[in-house]
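We name chains A, B, ... by the order of the sequence lines, and we start the count at 1 in each one.
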Number of protein chains: 2
Amino acid sequence: MLSIGTLARETGTKVQTIRYYEQIGLMPEPDRSEGGQRRYGRDELDRLAFIRHARQLGFHLDAIRELLNLADHPDQSCAAADSIAQRQLRQVEQRIARLEALRTELKRMVHDCEGGTLADCRVIEVLRDHSECLTDHTHIGA
Amino acid sequence: MLSIGTLARETGTKVQTIRYYEQIGLMPEPDRSEGGQRRYGRDELDRLAFIRHARQLGFHLDAIRELLNLADHPDQSCAAADSIAQRQLRQVEQRIARLEALRTELKRMVHDCEGGTLADCRVIEVLRDHSECLTDHTHIGA
DNA sequence: TCGGATACCTACAATCGCTGTAGCTTCAAG
DNA sequence: CTTGAAGCTACAGCGATTGTAGGTATCCGA
């Protein structure tokens, strides 16, 4: 029987985050001690580890919910899980492509800046004048 | 004298976003028409274009605030602006590295999945068992 | 067995960078 | 002068946490 703190430590999760997962129904309501504290077993540990791993792979909580449903019904076809992972892979590849474009432009900015005064600073200038920009940044969002 | 809608169109920004930037002090409070509607000039247009471009390069609003302060004082040294850009470049490079690791792992997951039932599904399995994981995912955050 | 440190509890607010809504007023074209 | 688009304020919501305040439980050493 694990306390929430132990579970947190084992899975590299914050305590608050575990309670949040419970609140949104991603983790089940666990047993409680006499005093009302949460007590977890191995199942919950595994489930949380699954969630965290998927999060680290960049899956949204919605996708994780789907994957958990799938994992709970092992008789179904693999296709659904696979398509979620493929969607995720495509998203990761898109993000990489976008970031590589940003990297190019930032490198150029930094490289061209030769440490005079701000009046001639390439960094400021490039930001000021979009037309100098090679990158197609349509809709980036961090 | 530009309306907020025109400004939005010219810079590819939503009207709400412009008002939000004003609210957090990133854009100045503009003049108003007799009826109380915002009227902008060229300065504000340039400033907003600068902000949007920096956002597209992934700069946080805090960093943009710094860059704008710097841009307003062209006599100072360029070093501060350069170091902000370099920090940004490093962050982008880190993100790329992390995403590339994810891509590798996702590719492996997807590739190994050969369309049986979920009981043998690599996608689920890899997520379940972190020890199969090649990636160092310290703190990813999408 | 007691005391105190630590961990836990609930409930709620804040983060970041917007975006959407409701209910009203102003503007510009016909 | 009318009408419809665009503007106004104020506020709520997103996703995925994280932090706070104020109180309770648990555990370990003395």
Side-chain angles (χ1 to χ4, degrees), chain A residues 1-27 29-40 44 48 50-68 88 91 95 98 102 137-142, chain B residues 1-27 29-40 44 48 50-68 88 91 95 137-142:
Chain A
M1 285 296 127
L2 309 164
S3 71
I4 196 170
T6 311
L7 200 66
R9 227 171 303 116
E10 302 268 308
T11 57
T13 315
K14 301 239 160 158
V15 167
Q16 312 279 57
T17 306
I18 299 175
R19 290 200 278 250
Y20 167 71
Y21 288 162
E22 183 184 326
Q23 196 185 311
I24 62 167
L26 209 54
M27 288 291 288
E29 291 184 21
D31 294 340
R32 298 280 183 149
S33 72
E34 298 211 349
Q37 301 195 353
R38 290 171 179 79
R39 294 297 123 125
Y40 295 95
E44 284 103 328
L48 183 55
F50 184 105
I51 294 169
R52 293 311 289 173
H53 193 187
R55 279 298 292 140
Q56 285 165 333
L57 286 170
F59 288 92
H60 287 298
L61 293 182
D62 277 356
I64 296 174
R65 213 186 291 270
E66 283 184 76
L67 287 168
L68 282 165
Q88 183 62 20
Q91 278 172 22
R95 262 187 242 155
R98 224 166 47 196
L102 298 195
H137 11 235
T138 351
H139 198 55
I140 273 147
Chain B
M1 285 296 127
L2 310 164
S3 72
I4 196 170
T6 310
L7 200 67
R9 228 171 302 114
E10 301 267 308
T11 58
T13 315
K14 301 237 161 157
V15 167
Q16 313 279 57
T17 305
I18 299 176
R19 291 200 277 250
Y20 167 70
Y21 287 161
E22 182 183 327
Q23 199 186 310
I24 62 168
L26 209 55
M27 287 292 287
E29 289 184 22
D31 294 341
R32 298 280 182 148
S33 73
E34 298 211 350
Q37 301 194 352
R38 292 170 178 80
R39 295 298 154 202
Y40 295 95
E44 283 103 328
L48 183 55
F50 184 107
I51 294 169
R52 293 311 290 173
H53 192 187
R55 280 298 292 139
Q56 285 165 333
L57 285 170
F59 288 92
H60 286 299
L61 293 183
D62 277 357
I64 296 175
R65 214 186 289 271
E66 284 184 74
L67 288 167
L68 282 165
Q88 180 61 20
Q91 277 172 24
R95 261 185 244 156
H137 13 233
T138 352
H139 197 56
I140 274 147

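Among residues two or more places apart in sequence or in another chain, the side chain to side chain donor-acceptor pair (under 3.5 Å) test is passed with A:Gln37 by A:Arg39. Scored by the side chain to side chain donor-acceptor pair (under 3.5 Å) test, B:Thr17 finds no partners at all (sequence neighbours excluded).
Taking only side-chain nitrogens and oxygens, B:His60 never comes nearer than 4.0 Å to OP1 or OP2 of C:dC16. For the pair B:Arg38 and D:dT9, the criterion of a side-chain N or O lying under 4.0 Å from OP1 or OP2 is met.
Rounded to a whole Å, the CE atom of A:Met1 is 13 Å from the P atom of D:dC27. Atom CG in A:Asp62 sits roughly 15 Å away from atom C1' in D:dT17 (whole-Å rounding).
Between C:dC18, D:dG7, C:dC8, one nucleotide has an atom nearer to the side chain of B:Ile4 than all others, and that is D:dG7. Of the listed nucleotides (D:dT17, D:dA16, C:dG17), D:dT17 has the atom at the smallest distance from the side chain of A:Arg52.
Contacts with DNA chain D (heavy atom under 4.0 Å) in residues 10-27 of chain A: A:Lys14, A:Gln16, A:Thr17, A:Tyr20, A:Tyr21, listed by number.
Within the 4.0 angstrom heavy-atom criterion, only backbone atoms of the sugar-phosphate kind lie near A:Arg32; the bases stay farther away.
The CG atom of B:Leu67 sits 11.0 Å away from the CG atom of B:Asp62 when rounded to the nearest 0.5 Å.
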Donor-acceptor list for residues 2-10 of chain B side chains, cut-off 3.5 Å, not counting sequence neighbours:
unit_1	atom_1	unit_2	atom_2	d
B:Ser3	OG	B:Gly5	N	3.4
B:Ser3	OG	B:Thr6	N	3.2
B:Ser3	OG	B:Thr6	OG1	2.9

Output side-chain donor-acceptor pairs under 3.5 Å for residues 18-27 of chain B, partner residues at least two apart or in another chain, one line each.
unit_1	atom_1	unit_2	atom_2	d
B:Arg19	NH2	B:Gln16	OE1	3.1
B:Tyr21	OH	B:Arg52	NH1	2.6
B:Glu22	OE1	B:Arg38	NE	2.7

Under-3.5 Å N/O pairs linking protein and nucleotides 26-30 of chain C:
unit_1	atom_1	unit_2	atom_2	d
C:dC27	OP1	B:Ser33	OG	2.8
C:dC27	OP1	B:Gly35	N	2.8

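Nearest-nucleotide positions on DNA chain C place A:Ser3 closer to the 5' end than the other of B:Leu61 and A:Ser3.
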